[in-house]
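Whatever order the structure lists them in is the order used to number ligands and atoms, beginning at 1. Computation of the quantities below employed the complete heavy-atom set of this structure, encompassing side-chain atoms and omitting hydrogens, waters and symmetry-equivalent molecules.
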Amino acid sequence: MEASRISAEQKIKSFEHLGFRADHVVLPPGVGRGEFREVLEGYNADPATRAIIVQFPPPRDLAPVVDGMDPAKDIDALLKGRSPYPACATAEGIYRVAEPFATDRPAIAVVGSKGFVGQGVVTMLRADGHDPMTLDHGDRLERVRDADIVISVTGSPGILTPDHIQPHHRVVIDSGFVPQADGSVRGDVRAEAYGIPQNLTPVPGGIGPVEMATLMERVVRQEVDPDVVSWKVTPGPYLERARFTTDRTAAATAVTTAAVPSIAAAARLRGAAGPAAGAPPTSAQPTAAPRGPAHQTGPRPQLPPQGGGGPSR
Ligand SMILES: Nc1nc2c(c(=O)[nH]1)N[C@@H](CN(C=O)c1ccc(C(=O)N[C@@H](CCC(=O)O)C(=O)O)cc1)CN2
């Protein structure tokens, strides 16, 4: 099944899980603009329909019809500046996973920055004062090595290899999702590179569930409780790039025991439940998402006593 269909089914399941009715309208291949416009206008006019999502990318000739969506129902920011939201749910989810790792203005690379999701991620990072390195088709991908945080949203399976991913990367966020003929799914990061960075969002089970958690928060805030508490990501421990290169040998041997209580302490500070002492260090979990988006990987750095990156700040 193609990615867009899987994604739509996840959304239907999530909305229904919360008690909303959700129609999944699948238009036949080759459907004309007129028929698509009729469906969209029907939902625009229906007061019981509170939100509309068109799975991206729509066929090229149908794309202009999407602009006719009622902006008040645009829960996934498809209308860009006319939506109540700054970016699509996937982009906001990515931003919310990255942001707790980025309190010291690190170098952030966005690979695929001109795509639908990439543009949203860049918009949100810039609005927060970051100046991300944007990489697209034709750019030198090795430049991601200079980043502290790597966000990849290309949908090109395995484009990031062990040549690109580095141990100093404090988190690598993989938003690729390409189903394979054998039923498996591939992300932008090659499996051989999974163990290299300090934290990583896997595919599947990373940004997919985070997108759903973001959408659900939007609909609950809009329809049920405007004061709903946002889910938060507690960052896994990491070493800043400069410290990682100098402290790496010591860090790699000292490993997890100091790090796990640090995660719990950070979670308590935020008023959320942290992992039990001694629990495996699969940190950076949003408190309301179905599964954790960021697995800790590679050698576990011991956090420096003061001034280092990570959850103690
Ligand atoms: N209107 C939108 N269209 C699209 C968006 C978007 O944010 N808004 N993003 C992508 C969606 N996408 C892939 O192309 C995608 C999103 C989510 C999932 C997902 O939930 N995956 C789960 C696994 C589900 C399963 O295996 O059954 C996971 O990663 O764990 C998949 C794909 C494009 N379109």
Side-chain angles (χ1 to χ4, degrees), residues 1-17 22-27 36 40 43 51-60 62-63 65-67 69 71 73-80 82-97 110-124 151-157 159 172-189 191 194 200-219 282 285-286 289-295:
M1 205 188 318
E2 79 275 27
S4 185
R5 177 78 71 102
I6 293 172
S7 160
E9 289 182 356
Q10 291 293 320
K11 287 169 190 170
I12 298 287
K13 256 200 260 176
S14 305
F15 285 125
E16 290 184 342
H17 183 75
D23 295 345
H24 186 182
V25 181
V26 183
L27 297 170
F36 181 35
L40 204 55
Y43 284 114
I52 304 170
I53 299 172
V54 176
Q55 281 300 111
F56 266 38
R60 189 184 290 258
L62 299 187
V65 178
V66 179
D67 288 341
M69 183 192 295
K73 298 185 181 186
D74 183 16
I75 198 167
D76 206 22
L78 304 179
L79 303 176
K80 299 211 176 131
R82 290 191 292 137
S83 167
Y85 300 95
C88 68
T90 308
E92 184 186 336
I94 291 169
Y95 166 78
R96 286 168 67 173
V97 172
V110 180
V111 185
S113 71
K114 293 204 170 87
F116 165 61
V117 177
Q119 284 179 24
V121 173
V122 170
T123 298
M124 294 201 69
I151 296 171
S152 191
V153 290
T154 70
S156 303
I159 193 171
V172 172
I173 299 177
D174 185 351
S175 177
F177 188 93
V178 179
Q180 306 294 296
D182 65 1
S184 65
V185 182
R186 292 188 67 199
D188 287 2
V189 179
Y194 263 37
L200 166 137
T201 68
V203 177
I207 291 304
V210 165
E211 175 190 354
M212 303 308 147
T214 307
L215 256 188
M216 294 311 111
E217 188 180 301
R218 287 181 179 186
V219 77
T282 50
Q285 296 185 342
R291 289 169 67 186
H295 285 224

One residue to check: [X]. Relative to ligand 1, which of side chain, backbone, both or neither has a non-hydrogen atom less than 4.0 Å away?
{"X": "Glu211", "answer": "side chain"}
{"X": "Gln10", "answer": "side chain"}
{"X": "Lys11", "answer": "side chain"}

With distance as the sole test, does [X] use its side chain to make a donor-acceptor pair with the main-chain N or O of [Y] at under 3.5 Å?
{"X": "Asp76", "Y": "Leu78", "value": "no"}
{"X": "Arg82", "Y": "Asp74", "value": "no"}
{"X": "Gln55", "Y": "Ile53", "value": "no"}
{"X": "Ser184", "Y": "Gln180", "value": "no"}

Subject >> Rounded distance (nearest 0.5 Å) linking atom CE of Met212 with atom NZ of Lys11 >> reply: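 NZ of Lys11 is found 5.5 Å from CE of Met212.
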**OP:** Nearest 0.5 Å please: distance from the CZ atom of Arg218 over to the SG atom of Cys88.
**Re:**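 Arg218 CZ to Cys88 SG: 7.5 Å, rounded to 0.5 Å.
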Original post:
So, are Glu9 and Lys13 salt-bridged, with charged N and O less than 4.0 Å apart?
Top reply: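 Salt bridge flag = no for Lys13 with Glu9.
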Heavy-atom check, side chain of [X] versus side chain of [Y], under 4.5 Å:
{"X": "Val153", "Y": "Phe116", "answer": "no"}
{"X": "Tyr43", "Y": "Lys73", "answer": "no"}
{"X": "Arg186", "Y": "Phe177", "answer": "no"}

Could you tell me which atoms of ligand 1, counted from 1 in the order shown, lie closer than 4.0 angstrom to a heavy atom of [X]?
{"X": "Ala3", "result": "13 (C), 14 (O), 32 (C)"}
{"X": "Pro209", "result": "28 (C), 29 (O), 30 (O)"}
{"X": "Ile6", "result": "24 (C), 25 (C), 27 (O)"}
{"X": "Phe56", "result": "1 (N), 2 (C), 3 (N), 4 (C), 33 (C), 34 (N)"}
{"X": "Ile53", "result": "1 (N)"}
{"X": "Leu78", "result": "1 (N)"}
{"X": "Phe177", "result": "21 (N), 22 (C), 23 (C), 28 (C), 29 (O), 31 (C), 32 (C)"}
{"X": "Gly205", "result": "28 (C), 29 (O), 30 (O)"}

Under a heavy-atom criterion of less than 4.0 Å, does [X] contact ligand 1?
{"X": "Met212", "answer": "yes"}
{"X": "Ser4", "answer": "no"}
{"X": "Cys88", "answer": "yes"}
{"X": "Val203", "answer": "no"}
{"X": "Ile207", "answer": "no"}

Original post:
Which of these, Asp174, Val178, Val189, Asp188, sits in a side-chain contact (heavy atoms from CB on, under 4.5 Å) with Val203?
Top reply: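 That would be Asp174.
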Original post:
Under 3.5 Å between some N or O of ligand 1 and some N or O of Val54?
Top reply: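 Indeed, backbone or side chain, Val54 has an N or O that close.
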**OP:** Ignoring angles and geometry beyond distance, decide whether Phe116 reaches within less than 3.5 Å of ligand 1 through its nitrogen or oxygen atoms.
**Re:**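 The answer is no, given that Phe116 and ligand 1 share no N or O pair closer than 3.5 Å.
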Subject >> Within 6.0 Å of NE2 in His17, more than 12 heavy atoms from elsewhere >> reply: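 No, the 6.0 Å shell around NE2 holds no more than 12 heavy atoms from other groups.
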Original post:
Of the choices Pro179, Ser7, Gly187, which has the non-hydrogen atom that lies closest to atom 12 (N) of ligand 1?
Top reply: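 Answer by nearest heavy atom: Ser7.
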